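For reference, the structure discussed in these notes is given below.
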2 protein chains.
Amino acid sequence: MVTLAEVARHAGVSASTVSYVLSGKRSISAATRERVEQSIRELGYHPNAGARALASSRSNIIALMMPLRTDMYVPVMMEIALAVATTARAHDHDVLLLTGEEGPEAVRRVVGSGLADAMILMDVELDDARLPLLRDTGRPAVLIGIPADPSGLTCVDLDFTATGALCVEHLAELGHRDIAVVGEAAAVYERHTGFAERTRDGLRARAAELGVRLLHRPCEGSYAAMAGTLSRILDERPGTTGFVVQNEAAIDPLLSLLRQQGRAVPEDVSVVAICPDQVAVQASVRLTSVAIPAHEMGRRAVELVMARVRGERGERLELLPPRLTVRASSGPAPAAR
Amino acid sequence: MVTLAEVARHAGVSASTVSYVLSGKRSISAATRERVEQSIRELGYHPNAGARALASSRSNIIALMMPLRTDMYVPVMMEIALAVATTARAHDHDVLLLTGEEGPEAVRRVVGSGLADAMILMDVELDDARLPLLRDTGRPAVLIGIPADPSGLTCVDLDFTATGALCVEHLAELGHRDIAVVGEAAAVYERHTGFAERTRDGLRARAAELGVRLLHRPCEGSYAAMAGTLSRILDERPGTTGFVVQNEAAIDPLLSLLRQQGRAVPEDVSVVAICPDQVAVQASVRLTSVAIPAHEMGRRAVELVMARVRGERGERLELLPPRLTVRASSGPAPAAR
DNA sequence: ATGGGTTGTCGAAGCGCTTCAACAGATGAT
DNA sequence: ATCATCTGTTGAAGCGCTTCGACAACCCAT
């Protein structure tokens, strides 16, 4: 391995000069800089990460804590992770992948060992066991998702309350008076992952304001589960003409089932999904949807966490505004035509 | 931050003794060990990662290089990543997440800086630009996937050739004489990701052996693409009664379309999928499938790479045998009933 | 008693970098 | 010509750990 000392010798300068060329923390004459950079290139030098971390007490690593569950909103998680990795690289950092499995202990370990300079937590629950730790280590951290008490923390998330409201508004404007919501699996609500509950609240609040009837049902992502949920919905509210689907995995089953029952989309019923755009355009009917801006969430999380690494303080709650894209799955309610 | 020196003072021993307690590289009396461990607990000591890496030239980090594309076989990628992270922790290592984006340069950087002790590469192409580098850095590395020339490298993968063969066998045994294969998107073949081509070869070879007619068509994962592909298949081979689907995203569309055309599964046509078990059981018909053992691939990759870190040499190609699970989507061919 | 072999512990060197204080030389103001 | 100021560079200290060689202290054969 090439060391900084060898580069210094090769360029005919001292080690500290090479270091300063690399970090830019002191002015270096153009001539010297050029010579050093040339040596670095010729020797193929890469600074040793451990030495650097030891001397500077900065590892240039961000830890990303992902849920271990592999059954829910996978594409979203994946896209966030990739956005985090990409954005981190743009800030000269790398990403350490932690699974939720280790729980709060992982936070202690990573912080205690100086492995990472900062952490990003995904899939934060309302009352998350990792939060107290995070608050009092004082390490830079950003949550993707919003806990019950975000005080002293930085959070990014899609504004799910507004998302719910937006879906209802869209359907209400089209004249739908009976709306059914296909929610996430019951387990998601039981875990108190805030986004599902906030979406529900947003839906309900706006429905009440607009005088629209709303039925909210959790639903697993399988065909069979969707079939059961749908028939129960139509039993209770035969006049349902609008659907909002939050569970990605339930989208295809729902469309299939509607088709099977001879209900045309969007002529007889309208469907609005809350899902990544890619999912919306790949479905059998191009779906009117509110996008989950996974990429942007990941990107903002890194930007916010980098700001904290650079020393900016203070709590902060950043809600990304929902955007609804009208595609082919929503139209005027039959009665209103 | 608590340091090793403080632990040593607290326990009334030298720093080296603490180090040996931690690493187990020298024998320590039970009494001393106990005292040191007690101090570690009391002080909440965590060894500093940078210092450790510098002194031992081992970072205890494995780099995992993931494709950046977010459109293909996402659940599989995700499951592999989580399995890698989990298994790595069991070996006292952490995982650094790299995206394919940086390309070969990432390999150079990670190896050069000693950031990671070893690398695991996913989504390896037949003629992958990262391989020459990997070979001559001599760093422990394991590929998930198999390149054209695996010499000098360690690879793990599902045996896709056998997988293809197995699918054909199953359908042939049930009496199907005309089989259509819904392959991956054309882009996958164009990138020369080996698995798709090997599956096709396996399918073709066994079909030829068994005297079965086989039509292989790449297909995008959208409903529209599947519709087009299906109608072309049925134009060319109206007698098709067996389907093998490799593109996960095409599964639901295919089942929907068959239903719409009044072709019952499995009475009229049989469908065999190549996909994670979870996808197979969530489809509208519980699918007969060959599982993609994502978890095991990730686990084995880590185990193999750890063996190399410990010094084991030699190239190695580990093919996981395919397992076909019969569920509700395959049955005797109509003509054979 | 003597010597050789264990076993448990320690001191010190050193891993490759960052950063601080110091300094030589050039620049500008007086 | 003189002093203060700035610029560019350097040497040395030290970050927290691992590891090597040394060395007591003890064991069991002789």
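Chain letters run A, B, ... following the sequence lines, proteins first, then strands; residues in each count from 1. Every value quoted in this text rests on a predicted model; they were computed, and no experiment measured them.
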Of all the choices, [options], which nucleotide is nearest to the side chain of [X] once you look at every atom?
{"X": "B/Ser16", "options": "C/dG11, D/dC17, C/dT9", "result": "C/dG11"}
{"X": "A/Ser19", "options": "D/dT18, C/dT19, C/dC10", "result": "C/dT19"}
{"X": "B/Asn48", "options": "D/dG16, D/dG11, D/dT9", "result": "D/dG16"}
{"X": "B/Thr17", "options": "D/dT18, C/dC10, D/dT10", "result": "C/dC10"}

So, does A/Ser56 get its side chain near the phosphate of C/dC17, meaning an N or O under 4.0 Å from OP1 or OP2?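 No, outside the criterion.
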
Tell me which residues in residues 5-12 of chain A lie within less than 4.0 Å of DNA chain D, going by non-hydrogen atoms.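 Hits under 4.0 Å, by residue number: none.
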
If you take any heavy atom closer than 4.0 Å to DNA chain D, which residues from residues 24-33 of chain B end up in contact?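 Listed by number, they are B/Lys25, B/Arg26.
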
Below 3.5 Å, does any donor atom in the side chain of A/Tyr45 face an acceptor in the base of C/dC17, or the other way round? no

B/Arg89: salt bridge (Lys or Arg N to Asp or Glu O under 4.0 Å) partners, not counting sequence neighbours: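 A/Glu102, B/Asp94.
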
Indicate whether any N or O donor in one side chain lies under 3.5 Å from an N or O acceptor in the other, for [X] and [Y].
{"X": "A/Ser113", "Y": "B/His46", "value": "no"}
{"X": "A/Arg191", "Y": "A/Thr193", "value": "yes"}
{"X": "A/Arg35", "Y": "A/Gln38", "value": "no"}

Lys/Arg N to Asp/Glu carboxylate O, B/Glu303 vs B/Arg299, below 4.0 Å: yes

CG/B/Asp149: more than 12 non-hydrogen atoms of other groups inside 6.0 Å: yes

Does the A/Ser57 side chain pair with the main chain of A/Ala53, one donor and one acceptor, at a distance under 3.5 Å? no

